[in-house]
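Read the structure below first, then the notes.
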Amino acid sequence: MLSKHRGAISVFGKYMQNNLPLMLSPINCPCNNFQQVRNIRKHWNPKFRKERAAKVIKEHYDMKYKFEELLPQDYIRTRMKDLGLVPQRKWKERPIFFHSTPTIFESYVVPEGDGKFSTITKEGAKQKMEFMEKKSKSYLAIRKIKSYDENFTVKQFCEDSLDIYKKAHEALVAKDENELLQHITETLYPKIMHNVEDKTIIWKFLESLEPARVVHARCTSLLTKGNIYAQATVRFHTQQILCIYDRFGRLLQGSEILKKDVLDYIVFEKHLSNEYGTWRMHGKIVPSWMPLGDVAAKTFVLPKSDDTSPESAAESIAETVPPEVLDARNLKDATAEEK
């Protein structure tokens with residue numbers, strides 16, 4: 001910008017640009033005290049530039065920060081604390097590894113009445129036909145598993161799955177978490193360990209009523225196409241003994257001498273893309289038509305009350321005895337007194 005203008009035309013153009021009245025200053029004066037404005041469309045008045053500058057506080061940083069790599073880290077941290085600055089953390093991207101899937105994909109639909117009808121009956125033959133019709137996708141999934149694991153066979157897998165099933169339950173009874181995670185996935189772990197604390201579990205595997213068989217198999221990819229997981233549903237029809245005691249030694253459920261026939265549909269999962277992946281229990285399929293088991297009775301500690309007055313005793317009785325029973329007792333006592 002030029003601070004001096006020579007000639008009347010330059011002065012005239014200068015005053016027109018700044019929206020200044022032309023009669024305030026002589027035109028033929030070559031030198032005038034003015035402030036040149038680059039653009040007339042400013043939204044602020046140049047007159048108050050000193051006031052605007054006073055609102056901004058200029059912060060002077062230590063020039064030594066230009067040589068951070070030459071200074072010790074303790075000194076830099078101390079100086080930044082004095083100035084109220086948060087040190088910048090180095091960005092380290094950590095890899096994400098999914099050892100198991102979060103859910104059961106394409107869950108197997110259990111035919112109603114399975115385990116009750118034999119193949120000779122009409123219902124059993126119908127179930128067998130439906131099972132053969134739905135097995136086409138399972139064959140494709142088994143071929144996919146064999147492409148990753150050359151030694152995989154359905155017969156050997158059924159034997160191995162039964163062994164995993166036994167070891168997982170034995171680890172649960174012993175409450176050995178490290179051993180348990182070798183046979184179940186991280187998805188099943190919180191479900192199987194729920195409400196196990198302060199309980200004594202007795203479990204025994206007696207025999208298999210029917211050979212274990214694979215009824216369902218699926219493969220899917222997670223995040224990327226090459227990251228493939230396989231899930232196989234195995235049907236177990238066995239005889240077991242289950243007995244659960246609470247922390248006071250009271251029997252909650254089951255019996256140590258009573259045998260029970262158990263029909264389970266256990267889902268096993270393996271990370272095929274992982275070279276060291278193993279088959280582990282991933283979940284259990286409970287059919288909607290299957291009747292629910294007996295609900296275990298729970299024990300509670302009664303609250304201690306210091307007040308032993310008759311009124312408090314009556315209130316405690318009223319909490320345990322229904323009001324209808326108390327009204328009937330009071331009516332009976334009143335009629336007895338009248339007689």
Side-chain angles (χ1 to χ4, degrees), residues 94-105 107-108 145 149 152 156-208 212 214 220 222-223 227-236 238-256 260 262-286 292-301:
R94 297 181 179 179
I96 300 174
F97 178 68
F98 293 94
H99 205 288
S100 63
T101 56
T103 56
I104 300 173
F105 46 88
S107 179
Y108 174 66
I145 296 171
D149 187 4
F152 178 83
Q156 184 63 34
F157 171 71
C158 291
E159 297 177 1
D160 296 341
S161 62
L162 183 59
D163 187 46
I164 295 169
Y165 180 79
K166 293 179 184 178
K167 289 181 178 179
H169 283 78
E170 290 171 359
L172 176 63
V173 170
K175 296 182 181 179
D176 189 352
E177 298 181 2
N178 296 328
E179 181 68 19
L180 188 61
L181 283 172
Q182 300 295 325
H183 305 293
I184 66 172
T185 60
E186 290 76 12
T187 305
L188 182 61
Y189 179 78
K191 299 177 183 178
I192 203 171
M193 291 297 292
H194 175 66
N195 208 15
V196 175
E197 190 177 359
D198 297 333
K199 289 181 178 61
T200 304
I201 303 174
I202 298 174
W203 181 85
K204 293 180 183 178
F205 181 87
L206 300 179
E207 60 177 344
S208 294
V214 179
T220 187
L222 188 66
L223 295 180
N227 194 27
I228 299 178
Y229 295 82
Q231 289 184 359
T233 305
V234 184
R235 178 183 180 272
F236 296 112
T238 59
Q239 263 193 357
Q240 302 175 13
I241 289 177
L242 177 64
C243 186
I244 303 175
Y245 295 95
D246 64 357
R247 57 180 177 169
F248 304 109
R250 299 187 183 96
L251 180 64
L252 287 178
Q253 196 172 12
S255 173
E256 294 189 38
K260 281 200 172 184
V262 181
L263 181 64
D264 282 335
Y265 293 89
I266 307 298
V267 180
F268 293 84
E269 185 180 82
K270 182 181 179 180
H271 190 190
L272 297 179
S273 301
N274 186 6
E275 185 179 357
Y276 305 101
T278 57
W279 288 101
R280 299 185 297 172
M281 290 174 56
H282 184 65
K284 180 180 178 180
I285 298 175
V286 181
L292 298 176
D294 298 334
V295 180
K298 295 183 179 179
T299 56
F300 300 93
V301 179

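Along the sequence shown, residues are numbered consecutively beginning with 1.
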May I have the step-by-step check of side-chain contact (heavy atoms from CB on, under 4.5 Å) for E269 and L188, ending in yes or no? CA-CA 11 Å; E269 185 180 82; L188 182 61; over 6 Å; no
Contacts of type side-chain hydrogen bond (donor to acceptor under 3.5 Å, both in side chains), residue Q239, not counting sequence neighbours: D261
Go through the structure and list residues passing side-chain hydrogen bond (donor to acceptor under 3.5 Å, both in side chains) with Q182, not counting sequence neighbours. none
Does [X] reach the side chain of [Y], with side-chain heavy atoms less than 4.5 Å apart?
X	Y	answer
L180	M193	yes
T101	T187	no
S208	L162	yes
K260	L242	no
I285	V267	yes
F157	V234	yes
F205	E170	no

Would you find more than 12 non-hydrogen atoms of other residues, nucleotides or ligands less than 6.0 Å from E207 atom CD? yes
Counting heavy atoms not belonging to K199, are there more than 12 under 6.0 Å from its NZ? yes
Just by distance, no angles: are the side chains of E256 and Y245 close enough, under 3.5 Å, to form a donor-acceptor pair? yes
Is a side-chain donor or acceptor of [X] paired with a backbone partner of [Y] at a separation under 3.5 angstrom?
X	Y	result
N227	L222	yes
H282	I266	no
D246	F248	yes

Nearest-0.5 Å distance, [atom1] of residue [X] to [atom2] of residue [Y]:
X	Y	atom1	atom2	answer
E197	K175	CD	NZ	7.5 Å
I192	H169	CD1	NE2	6.0 Å
T220	L272	OG1	CG	11.0 Å
K191	K284	NZ	NZ	12.5 Å

Heavy-atom closest pair, residues W203 and Y165: CZ2-CE2, 4.4 Å
Minimum heavy-atom distance F268-S161, with the two atoms named: CZ-O, 3.5 Å
Residues I241, L206; criterion side-chain contact (heavy atoms from CB on, under 4.5 Å); working and verdict: CA-CA 8 Å; I241 289 177; L206 300 179; 3.9 Å; yes
Atom pairs and distances, side-chain donor-acceptor, residues 273-281, under 3.5 Å, sequence neighbours left out:
from : atom 1 : to   : atom 2 : distance (Å)
S273 : OG     : G226 : O      : 2.4
S273 : OG     : I228 : N      : 2.8
N274 : OD1    : Y276 : N      : 3.2
R280 : NH1    : L181 : O      : 3.2
R280 : NH1    : I184 : O      : 3.2
R280 : NH2    : H99  : ND1    : 2.8
R280 : NH2    : E186 : OE1    : 3.1

